[in-house]
Amino acid sequence: MLRFLLRRLMWFAITLFCVVTISFFMMRSVRGGPFDGERALDPAIERNIKARYHLDWSLPKQYFQYIGPLNLDEHRAELFGGDGAKPFGGVLTLEFGPSFKYKDFTVDQIISQSLPISALLGMVAMMWALALGVSAGIASALKRGSRLDLAMRIAATGGIALPNFVIAGFLIIFFVFMLPLLPVAGWGSVKHMLLPGFALGAPYAAYIARLTRTGMLEVLSQDHIRTAHAKGLAPKTVIMRHALKGGLLPVVSYLGPAIAGVLTGSLVIEKIFKIPGLGTHFINSALNRDYTLAMGVTILFTVLIYSMNMIVDLAYTMLDPRIDLEDM
Amino acid sequence: MASPKDSRWQFGSGNMERLLSEVAAHKGESLWQDAWRRLRRNRAAFYSLVFLILFGVTSYLAPLLPIASPMALTLQEEPQPPSWPWDNTNLETSPGARATGTVGSVLNNGWRHRSVVMFTSEGGVLDSVEAELSEMVEEVSGRTTAVNRIEAKAGKPAQLFFAIPNRRDDTPRTDWADTGNTGEVTFLRAEDKAWLVLDLPIDETLFNSWSTVVSGYDGSIYFGTEAGDDAGIRFRFRLSERFAGTVVGLTLNGRALSADGSINDLELAEPVIAPLEWDGAEKEGDTPEVPAALASIADAPIEEPTADILAKFGKDEFLLLRGSELEEDTRVVVQSGASDRTLFVRTRVDAFEQQGTFHNDLKRQIGTALQGLSLSDGATASLLDVEIENGYWELGTIDQAMLSARAAMFGLWQTGNWMGTDSKGRDIFARIVWGSRTSLLVALIATLCSLIIGVTYGAFSGYIGGKTDNAMMRFVDILYSLPFIFVVIFLITLMNEYKVELEDNFGVEREQVFYLVIGAIYWLTMARVVRGQVLSLKNSEFIEAAKVLGASTPRILFVHLVPNVLSIVIVYLTLTIPAVMLFEAFLSFLGLGIEPPKVSWGTLAVDGTEAINPLKIFWWLVFFPAMAMGSTLLALNILGDGLRDALDPKLRGKD
């Protein structure tokens, strides 16, 4: 267990180091930037801007400032002759520096404002996906071959095939304009979360339904289920206590990719529903050439997705005693 | 009991044939035959395959289909709902036939480069005006035209539109060609004003406007016809950068030109300066007599004019000289006399003329013809404009040929907007067909990229094994844990900075980079799958045999191993294609992929979602693109599942 965790963490550190280093140097080597406007800037202003973003430093120094943990600014660590006001900084201390475009904000401020929104949206979407997918999957596995099963399978195939922004379009037409039940866009109340959450979760719900159905069918045909039935347990108990645990294994292993997908899918969904989440900021940063923000979000998502995968792997071993962590 | 005389043991010629046919009948079918047989039995997968092939072929043949242009805009208030395909009143189907309809529909009928001639007309009977104008336009252009009109109302004159189809040899773009004509431009300068005296071998009555463009020391004078910027004659010269702002007058072959750029208006704001009193006897190649004062200027360092020079000429003239001295043919003369600071610079200029276009000259010709035309019943008509319509973005040679074939087959005829139009008046059906074309192309190219990288990488890694394999797979693991969409968007953003350079220096368009970037990230799973297969195969006897026979590593890899992992690669391909398509749509949706006016599923989805509003539901903008996208992706998914079953060796021979 510990060895597994340590090994994964080591690879994680290596990956993250590569991502940060490569994207940092690409970002700095690219010509132009957000300050290249139509007008030429006054030299004094340009100097000030460069000083603020440390662009006047040498490249290695900029890199070490970005990585941290020591702050090389004039308020640098006392150890290096500074006043010690702000001894640490950089990515290692979870500081991504000032945003290039939103002049009054640091990347951390923007992330701390928008990450909870995206996380909430992602959670709602995963809840939709799991609730719909698992229940539909169980239902169609139990009523195998029935019309319900057929309908569920058709819906699931359709859900996988349609991209979430198309589903979002249909949802808005139906639930906002034809039946005015829900608000079209915005963020704040539970009502605002239903549609984007569903649109985001729908493809995953479809996939989860498929996986659950296959998993349940396999488990239901096994001996221990027959034994459970034979010893007179109620069908509900058999399914909930004996079949579900094994039947949901494929779903658990799918959760890692699903969470990653939900996080990325939120880029589009946030744009459609005008949700001020991390995805909106990331897209804007990409379009605005706000490189620090784009890098910050990229790093954050690398961390998020990596840790999600790790947690899923751990959960998988808890559910299935046959799998040994040392093998992974 | 079989006796020795049993017919089976008698080997006559007929028996031999029978035996051979029996052998042929019982010969095991190959993996592919078996898979194909099973795929055909799987009805859903088989129909998906048929659908995909039809869909792909249809979208590839888009230029050949008589459908509207995917990008020709129409001014209209809102998206138009679907109408019947044959309910297309805006077109003419045979020469001479007249069609009526809305203004937009004629303009929207931009299936090919076309020129639209616009008239306004007052008085008289509109029908006869239309007939007379149409006859005139057809005579001038030599082509059958489609006509459309808006009746006069509320004080606005009636408008008539004639669409003239352009042929393939009507080159849509024109080049400036050197006509070999040479003229002379003389630059007159007095105080802070300057005049240009042009001595050019052109007939100025052919042109109705002039303009000058100066950038750096290079300048040009352009004489335009009414056909607009694409026609005319341009004289290029090198002079001074001071030339631009100060010119207040221009004479052409002794005639004064007005400062506002029109030639017809001969009144000048400034007094006309007579043509330069140049010594006409002087010939080319003669060294003009440069006054001593000027000769010293030419040699002096430009940044630091001496007080002596400044006292004589002032700073402006000095700068002027700096520019003009660069040109060989420039002659400089200082004229003393009435104006003590007059400077003459004479430059030879070469004329460039635009060549080889049909529509460039159309406006001038039609304008001339209109002047000679007297309409019946005292009606008057005036030419508004001639617009060149281009219904498509830059197409390749094959597509151009298909468009020509279409023009030959269908003429101007095209289907109506049977899936409606979007808010800019573009036909949804045409956009879906052309958009599918883009999306399928992206999917194919990107998947091919991933195939090549993935199979090579995986096969190599698996076959070499050991530490190399370990390192290569670790690399794949690292890439696997990246949030790829973010990295790709980051990459595309950085790449956008170099968009222009890539296009200019390497001829690479952003889209091609885009294909490659997508392809380059989808190879990971392919590499893993292929590696696993190769690992299980590499110790088998036939590989040993190949090694013993002395086959090289690449030969073993690509001749012996790769064909054996092909089935699983194909299955994985059918799963990669929809993923790539979705990814392309996703990026285009965010504005990072295909750029308008080109169209793909992503841009179609953007149009659909943007048109959603509470006042009116334009369902066709969301529904039809979603159906096209959904059915294609669905068919690919079903086909992928079917192929997986069909190529599964465990199921081989079973039904």
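Chain identifiers are assigned alphabetically (A, B, ...) following the order of the sequence lines, protein sequences preceding nucleic acid strands; residue numbering begins at 1 within each chain.
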Among all residues two or more places apart in sequence or in another chain, which pass the salt bridge (Lys or Arg N to Asp or Glu O under 4.0 Å) test with A:D149? A:R213
Would you call A:V166 and B:P625 a side-chain contact if the rule is heavy atoms closer than 4.5 Å? no
Can you name the salt bridge (Lys or Arg N to Asp or Glu O under 4.0 Å) partners of A:R153, sequence neighbours left out? none
Could you grab the distance from atom CZ of A:F273 to atom OG1 of B:T609, nearest 0.5 Å is fine? 10.0 Å
Among B:P578, B:A605, B:A585, which residue forms the greatest number of heavy-atom pairs with chain A at distances under 4.5 Å? B:A585
Honestly, the part of A:V268 sitting under 4.5 Å from a heavy atom of chain B is both
List the atom of B:L633, the atom of A:P163, and the distance in Å for their closest heavy-atom pair. CD1-CD, 4.1 Å
Has A:Y207 got more than 12 heavy atoms of other residues, nucleotides or ligands less than 6.0 Å from its OH? no
Heavy-atom pairs under 4.5 Å with chain B: which of A:I272, A:L267, A:V297 has the most? A:L267
Over 60° means perpendicular and under 30° means parallel, so tell me whether A:F170 and B:F623 are parallel, tilted or perpendicular. perpendicular
Tell me, side chain or backbone of A:F282 under 4.5 Å from chain B's heavy atoms, or both, or neither? side chain
Where B:R474 and A:W11 come nearest, the two heavy atoms and their spacing: CD-CZ2, 2.7 Å
Under the side-chain hydrogen bond (donor to acceptor under 3.5 Å, both in side chains) rule, what pairs show up with a residue in residues 618-638 of chain B, not counting sequence neighbours? none
Identify the residues of residues 43-53 of chain B whose heavy atoms come closer than 4.5 Å to a heavy atom of chain A, ordered by number, or report 'none'. none
State, to 0.1 Å, how close B:F589 and A:K271 come at their nearest heavy-atom pair, and which atoms those are. O-NZ, 3.1 Å
